[in-house]
Undergrad: 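Dumping the structure here so I can ask a few things about it.
The sequence lines fix the lettering, A, B, ..., with proteins before strands; numbering per chain opens at 1.
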Amino acid sequence: MTAQKTALPAAQKRAPRILQNALVQWIGVAALVVALIVFPLVASPTLMNIGVFALIYALPAIGLSLLMGLAGQVSLGQASFFAISAYAHAMLITRTPIPEVLAAVLAVGVSMLIALLVGWPLLRLRGHFLALATLGLGFIVYIVARESDFTNRTLGISGIQRPEVFGMEIGNNGLFFYFVAPFVVIGLILALNLTRSRAGRALSAVNDSELAAESLGVGTYSLRLKVFVLSAAFAGLGGVFYAYHVRIVTPEIGEFHLSVEFLLMVVLGGLGSVWGAVAGSFIVELLRDGLRAIIPTIIPGATGEVQLIGYGLVLVLVIILLPGGFVGVVQIITRWVRRMLGKGPSTTARSAKLQGASDQTPTGAFSAAIAEEEAQRIDSAVEQAAANLPEMPTPVATGETVLRLEGLTKRYGGVVAVDNVTFDVPAGRITGLIGPNGAGKTTCFNMISGAIAPTSGTVSFLGREVQGRKPNVAASAGLTRTFQNLQVFGSTDVLGNVYMGRYRNGRAGVLRGMLGMQGAEQRRHRDVARDILDALNLGDVADLPAGDLPFGRQRMMEVCRALALEPTLLLLDEPMAGLSGAEREVLAELLRRLRDAGLTVLLVEHDVAQVMALADQVAVLDDGDLIAIGTPEEVQANPKVIAAYLGTEEDEAEQVLEGVAAVDAVRSDDPKEDDDA
Amino acid sequence: MLVDFLQLTVAGLSQGSVYALLAVGLIATYTVRHVINIAQGDFAMLAGLGAVSMVAGGVPLLLAVIFAIIGVTVASVIMERLIISRVKNLTTLVSIILTLGVSTLIQACMLLAWGAEGRRLPTFPGSDINVAGISIRSQELWMLGALLVVGGGILLFYEKTKFGKALRAVAEQPVAARIVGISPVVASIVAFAIAGFAGGVSGVVAAPLYLATWSAGLLLGLKGFVAAVLGGLVSFRAAIIGALVLGVLEQYVAGYIDGGFKDAVAFLVLILVLIIRPQGLVLRQSAVRV
Amino acid sequence: MARSHRRIMPVALAAAAALTLTACGGGGNFGGDDDTGGDGEAEEGPIVIGAVLDITGVGANLGVPEQNTLQMLADQLNAEGGINGREVELIIKDNQSTEDGAARATTELIQNDDVDLIIGASRTGPSLAMRPIVESEQIPNISIAANAAIVEGSDWVFKTAQNDVVVIQSIIDNMAEKGYKTVALARDATGFGEGIAEMITEVGAEQGIELIATESFEPSATDFTAQMTNIRNAEADANIIWGITPSAGLAQAAYVQLGIDAPVYQSHGVANDAFFEAAGDAADGVLAPMGRLLVADQLPDDDPQLPVIDQFVADYTEEFGTPPSSFAGHAYDAWKIAVIALEEAGTDADALRDAIENVSGFVGISGVFEMSPENHSGLDSSALIMAEAGDGRWNLAE
Amino acid sequence: MLEVKDLDAGYGALRVLHSVSLNVAAGEVVAVVGSNGAGKTTLLRAVNGIVAPTAGGVEIDGHDVTGKPTEKMAKFGMTHVPENRLCFPSLTVKDNLDLGGWSRRGKLDLDPVLELFPRLKPRLQQVCGTLSGGEQQMVSIGRGLMADPKVILLDEPSVGLAPKVVSEIMTVMTRLAERGLAVLLVEQNVRASFKIADRAVVMQRGRVVLEGKPSELVERPEVRAAYLGGAAAA
């Protein structure tokens with residue numbers, strides 16, 4: 001970190017990176033378009049066949065990759081949405097006079113509706129439940145299609161006419177390829193847009209840490225549901241093209257093996273990568289033809305479904321050996337080529353930068369005296385923090401209640417973790433919540449932030465009861481938190497982390513995200529995020545992967561992220577844990593200045609001295625009970641508190657209080673030192 | 001009518017006992033390893049086909065059955081060693097994709113080795129009985145008996161033996177289990193051995209009645225899986241009961257509604273259970289229940 | 001630096017639009033409709049016959065013997081000098097038992113290999129998927145699947161397997177002869193069992209036979225207690241189990257197990273040895289109409305099909321070590337019909353189609369074919385004999 | 001008996017332990033105190049192999065066990081009573097204790113444990129998950145003892161327990177030492193642990209900052225500071 005760098009305006013630093021990203025995507029899309037135009041002109045009919053189906057299947061694969069990459073969920077029934085839409089489209093155009101375009105739209109809509117109905121209850125659940133349910137859905141769709149007269153049972157729907165575009169019949173593979181290709185390209189662009197949009201970033205944040213994302217106001221459930229429905233829409237569009245191209249829709253297309261094939265495309269292409277899904281669909285279609293040609297030559301006389309061996313092997317080997325799939329391999333190769341050519345962001349430079357960063361933040365400088373240079377750095381850091389602090393709006397006047405806990409209680413079975421705790425957090429003040437291990441601080445904290453629901457009692461934030469609601473509810477109202485065990489969004493860079501803090505201030509949803517119509521908004525928030533990073537001396541590492549930062553700076557980044565939300569109330573969960581002395585001082589000073597700027601802080605902390613030095617009001621929990629609340633001085637003099645801390649009876653504690661005057665002396669020195677720093 | 005009802009119930013229970021054995025295996029691996037093994041049913045078919053071949057080759061039925069079960073048990077352990085244990089960050093989702101690959105692979109191998117046609121294992125000794133118009137095939141009794149002996153045996157193993165308790169310990173508190181010296185590697189191997197064993201047994205007892213086919217395992221395994229979900233993926237007892245209920249339910253649907261919808265029952269149950277009661281039929285949650 | 005990816009969309013849209021409009025031109029992939037009507041240009045050089053078969057996937061047990069048969073016949077034909085001195089090139093494509101596979105293979109055969117005629121597919125679904133393609137490309141197609149819908153109203157598609165209705169006719173006739181009045185049906189829930197109940201009702205009405213109960217079972221089903229219990233309760237004079245092995249065999253076992261003693265008829269779908277593996281002893285006494293192939297050794301010496309069948313069985317067995325299935329027979333018939341028409345009309349598509357429509361009196365494995373512009377199937381119930389299961393094989397019923 | 005030399009360990013980017021050295025002799029109780037985040041729990045985990053040490057070494061009775069997997073540690077004579085009373089909830093008390101002797105051959109004798117915790121005797125057949133917190137802690141400790149260890153590591157055995165139970169458990173620590181075990185006790189309850197410890201180690205931010213007899217340490221401001229705040233010692 002050098003002073004020059006931080007002095008540069010944010011916009012100038014950002015430029016090359018954004019340009020590079022956009023450029024890469026530009027080039028990628030352009031190359032794809034060119035390849036798609038040229039392909040039918042040069043491909044053999046065999047390849048052409050592969051190409052057309054690869055394009056059709058690329059759509060459901062893109063949808064599935066969004067679901068897996070963004071929502072972190074797997075569908076084992078992607079083919080069922082493909083089939084539902086194919087059936088709907090086929091039935092509409094063969095049985096009704098509805099215009100074909102409208103039929104296609106309706107067909108996709110039916111897929112989305114079914115997805116909504118299935119996802120609505122299931123996406124509330126975690127992990128693999130959706131995978132299991134969609135697996136079930138696939139079988140049900142297959143069986144219903146097979147058994148109902150409405151879908152013409154096993155004979156399916158045939159007699160579908162070829163589509164016409166401007167009076168021209170799409171009568172052969174070449175034209176059909178051109179007919180589908182634009183949709184795949186647009187689908188790809190929409191999907192890429194989505195992954196970089198506010199919603200997309202929020203979802204990848206959810207995958208990194210659901211807790212942290214929700215604390216920033218991300219409504220995980222509704223976003224996931226939207227992506228699930230969207231993925232069904234992609235599958236549905238693929239189904240429409242399938243119906244057009246094969247011109248018969250039978251129950252088999254809803255079958256499990258097709259769902260597996262879609263899954264294979266996504267896994268082979270590269271989990272969670274939209275490009276990978278497109279690549280994967282071509283790879284799988286090539287494999288499908290190739291394996292049938294290759295395997296009988298390896299195993300003579302092999303007939304039957306021998307390509308299964310290939311599928312099985314490829315699936316297993318990719319997961320074990322190449323979890324990144326095709327895209328992962330491409331990335332490795334590009335990196336290798338770049339290193340060979342000596343171009344691009346060299347890893348040595350980057351690691352040097354990192355090295356430098358960690359040198360400047362000695363996480364364990366306990367016994368060693370802080371070097372002169374280091375002291376200056378802190379000095380300037382604090383100075384800087386003061387200079388560029390963001391505005392801290394206060395909706396209520398200083399001193400009035402922002403947060404009120406009333407009778408807050410949490411029972412686990414027979415154990416009462418928090419028992420009838422009542423206190424207020426006043427605006428524009430720092431309130432500390434302390435207590436020995438197991439006192440119920442964290443439980444209390446989690447009930448306030450919404451991570452867990454209280455057994456009884458209320459949490460009112462700005463007069464609105466938020467207990468038992470998901471953290472994103474309180475977060476949207478301006479209450480956010482940091483985490484003791486860091487919850488860093490590892491899939492993005494530092495800037496991306498802080499940018500996520502702006503989530504609540506954004507508006508654009510999934511649709512606008514896909515259409516790429518949120519550029520100005522995104523840029524504005526990015527600038528704010530950049531400013532906050534600069535203000536807190538993290539500007540130099542803004543572009544580094546968040547997980548690469550040393551611990552102390554990750555914690556500061558979390559604070560930046562929380563501040564980016566422009567919170568009314570900031571909850572800090574043991575912010576000092578794991579920080580070096582110097583870092584603690586920077587953070588403490590920062591908090592003081594933020595308070596002065598109007599921010600309300602509630603802090604749970606073990607470092608009692610730090611709390612005493614920092615807080616305007618201290619609440620002490622012991623064994624689930626609130627045993628004391630008041631100014632630091634009042635609390636320190638409370639025998640109950642001493643007893644709680646040193647594990648003694650109260651009478652003993654009285655003696656301790658008298659006996660350890662020396663410690664008091666040390667303690668009272670602390671704030672002075674801080675002020676000097 | 002009552003006769004019909006009882007007849008359907010008998011058939012449902014015997015079918016359900018096959019699901020139950022598969023479900024027991026699925027729970028064994030899920031509790032210890034958090035793996036959902038899609039290939040479980042394929043192991044059953046592998047055992048069935050293996051036994052058929054051995055009998056055809058002149059091996060006495062009893063020996064063939066035992067060899068087949070042992071073979072599949074070993075195969076399940078090999079899968080654990082060779083594939084499952086190789087994956088870093090094995091989540092349940094990844095395990096689903098991975099074992100899907102294994103399932104495909106096993107199916108292909110069965111197809112190569114035994115062809116597409118279903119094979120019948122000779123019926124186990126015994127004669128069919130007819131009680132008041134209800135016909136019970138001797139093989140159905142073998143299937144129910146297998147559940148009683150093997151399912152019950154596995155329950156007893158988990159409940160009474162030290163090793164079984166150690167497996168529960170691993171499922172409940174992996175770290176504490178390591179501290180007392182229980183190797184997670186060994187626990188995982190044992191869990192997969194149990195899964196393979198139960199799957200193998202289900203395959204050989206069903207093969208005389210249902211035939212063994214290369215492609216039938218997937219659906220069978222998924223039905224077992226639905227039963228396991230009914231047991232919240234943790235409770236052996238609830239899963240066994242769930243499996244029997246599922247088997248009977250399928251028969252009622254086939255008998256009273258429409259045979260073509262029989263397979264849909266399981267998956268409808270699956271979706272409903274996941275929506276209404278994702279923890280299954282278990283009353284109290286814990287990492288593992290016998 | 002405001003430029004970013006968001007601008008890509010409109011550009012790409014424009015590009016895509018331009019792309020669709022400027023389509024056409026070179027490559028073999030735009031052959032399409034203007035290149036139809038067969039190839040009058042090529043009355044010499046090899047004749048190309050394509051085949052689309054279910055070689056892998058659920059139809060593999062059909063497709064593999066069919067593939068064997070076609071390959072064997074093509075080799076024989078070329079060894080004898082081909083058709084009118086022209087060599088015959090056979091290109092076999094696997095449709096993986098899927099509709100899209102069939103559509104793909106068909107397109108490829110037409111556009112890439114310039115075939116003169118296509119045989120296949122093995123099953124109804126894939127055959128139906130091929131139909132719109134061969135019709136718009138105007139290529140004669142001889143399907144070897146059963147369902148009558150494949151050829152209904154088609155100018156270009158023919159088939160060699162017996163129509164289901166012919167099989168049902170044969171069963172109903174047999175029932176009427178024995179004086180049965182009521183019948184119950186258990187059919188499988190695939191395309192094979194599709195529409196069977198309706199046909200039985202219709203055909204039965206002519207003979208005063210009433211269908212009083214219908215049950216269905218899944219092809220993957222393993223337990224048939226429920227269906228057979230209902231069949232038992234229907235108390236019909238005779239019952240029909242309509243399915244393919246192994247499920248039809250397992251259903252038969254359950255039928256006997258539940259002590260139903262009414263006579264049972266099965267379909268031609270069990271005309272193979274796998275039925276006996278699945279049904280075991282329960283197979284004894286089952287009646288099933290089928291082609292003569294499986295009971296060739298019991299045919300009267302004057303049966304016109306006998307020499308044809310004997311020759312085919314001998315050739316096939318020698319070549320592949322196992323006797324041919326009836327599916328192999330369907331492929332044989334398709335091939336021979338194609339050859340007859342090609343010999344007569346050459347490779348002009350229209351002429352070829354007309355020639356197939358005029359095939360008459362061809363003695364094949366499945367029966368004696370009488371094609372016509374109205375009848376693209378060409379077999380009637382005389383193609384079938386009634387077989388009875390006993391001692392683990394099919395025998396001519398008395 | 002237990003010798004820890006220059007141990008480094010951490011999680012990902014966070015380096016928690018910085019060259020920690022300490023030793024515990026047979027028959028000795030050593031208390032490790034320090035505020036939350038000081039690295040006490042990580043120390044026990046690194047010693048017991050749950051967290052892989054990145055540098056330094058651990059010896060038991062002269063045998064190097066650095067980096068050995070946790071499940072092997074019982075065989076080397078070390079057991080660990082983790083925080084939060086991780087007993088096996090669906091198993092009975094007796095089963096829990098039996099599993100404690102997993103690494104031992106031969107017949108297990110519950111008597112030594114039941115003698116230490118007579119409260120468990122009537123509850124042997126009770127399922128552990130239904131016990132009170134104190135009883136669960138006793139099961140956890142008892143389970144560790146069943147391995148007949150030479151070294152026992154205890155992580156915050158007093159958390160969330162009533163004072164009476166705490167003193168009961170602390171008494172047990174002394175008796176364990178009397179039986180010749182090396183006891184390494186991590187405690188937040190300074191008073192309770194100092195009462196029974198022969199020596200104490202004060203940790204702060206991953207380092208050992210003080211070491212000595214509890215009677216001496218208790219006078220030092222740093223000790224109190226270790227609990228009531230890190231800055232005091234900074």
Side-chain angles (χ1 to χ4, degrees), chain A residues 68 72-74 76-77 117-118 120-122 124-144 146-148 153-154 256-257 259-260 263-264 266-267 271 295 299 301-321 323, chain B residues 30 34 36 38-39 79 82-112 114-116 214-215 218-219 222 225-226 228-229 233 258-276 278:
Chain A
M68 291 170 81
Q73 299 273 343
V74 170
L76 295 177
L117 291 178
V118 174
W120 178 54
L122 284 168
R124 287 183 196 281
L125 306 172
R126 276 161 194 284
H128 47 273
F129 287 108
L130 186 80
L132 305 181
T134 48
L135 182 149
L137 181 74
F139 278 92
I140 291 172
V141 166
Y142 167 64
I143 291 165
V144 167
R146 195 186 66 194
E147 290 300 316
S148 86
R153 296 177 179 263
T154 47
F256 187 55
H257 76 88
S259 291
V260 173
L263 189 66
L264 192 62
V266 175
V267 172
L271 262 179
I295 287 187
I299 310 168
T303 51
E305 214 151 350
V306 281
Q307 80 261 35
L308 282 178
I309 294 184
Y311 278 13
L313 269 181
V314 167
L315 197 54
V316 169
L317 291 180
V318 164
I319 290 197
I320 295 179
L321 302 176
Chain B
Y30 182 78
H34 283 265
I36 289 178
I38 302 281
M79 173 179 82
L82 222 56
I83 295 171
I84 305 279
S85 65
R86 296 287 159 109
V87 181
K88 287 173 198 154
N89 307 325
L90 183 74
T91 64
T92 302
L93 277 178
V94 171
S95 81
I96 290 175
I97 302 172
L98 194 62
T99 54
L100 204 57
V102 176
S103 161
T104 316
L105 207 55
I106 296 176
Q107 285 186 13
C109 294
M110 290 194 288
L111 186 63
L112 268 180
W114 284 284
W214 69 278
S215 59
L218 179 68
L219 192 61
L222 292 179
F225 172 73
V226 173
V229 170
L233 285 169
D258 185 347
F261 284 107
K262 193 174 147 190
D263 279 346
V265 177
F267 299 106
L268 207 59
V269 167
L270 174 69
I271 292 186
L272 289 179
V273 168
L274 288 178
I275 289 174
I276 298 164

Undergrad: Any chance you could measure A:I319, atom CD1, to B:L98, atom CG, to the nearest 0.5 Å?
TA: 5.0 Å

Undergrad: Distance check, rounded to the nearest 0.5 Å: B:L82 atom CG versus A:I320 atom CD1?
TA: 7.5 Å

Undergrad: Just give me the residue among B:A266, B:S95, B:G260, B:A264 that pairs up with chain A most often, heavy atom to heavy atom, under 4.5 Å.
TA: B:G260

Undergrad: With a 4.5 Å limit on heavy-atom distance, are the side chains of A:F256 and B:L219 in contact?
TA: no

Undergrad: Between B:T91, B:L218, B:V273, B:V265, which shows the greatest number of heavy-atom pairs under 4.5 Å with chain A?
TA: B:L218

Undergrad: Locate the shortest heavy-atom distance separating B:I271 from A:G136; write the atom from each residue and the value.
TA: CD1-C, 4.1 Å

Undergrad: Return the minimal non-hydrogen interatomic distance between B:L100 and A:L263, and the atom names on each side.
TA: CD2-CD2, 3.8 Å

Undergrad: Is there a side-chain contact between B:F225 and A:L135, using heavy atoms and a 4.5 Å cut-off?
TA: no

Undergrad: Do you know which of B:L90, B:I106, B:I96 has the most heavy-atom pairs with chain A at a distance under 4.5 angstrom?
TA: B:I96

Undergrad: Taking only residues two or more places apart in sequence, or in another chain, which ones meet B:S215 in a side chain to side chain contact (heavy atoms under 4.5 Å, CB included)?
TA: B:T213

Undergrad: Could you list the residues that satisfy side chain to side chain donor-acceptor pair (under 3.5 Å) with B:S103, not counting sequence neighbours?
TA: B:D42

Undergrad: Measure the shortest side-chain to side-chain distance between A:M68 and B:I97 over non-hydrogen atoms and say whether it is less than 4.5 angstrom.
TA: yes

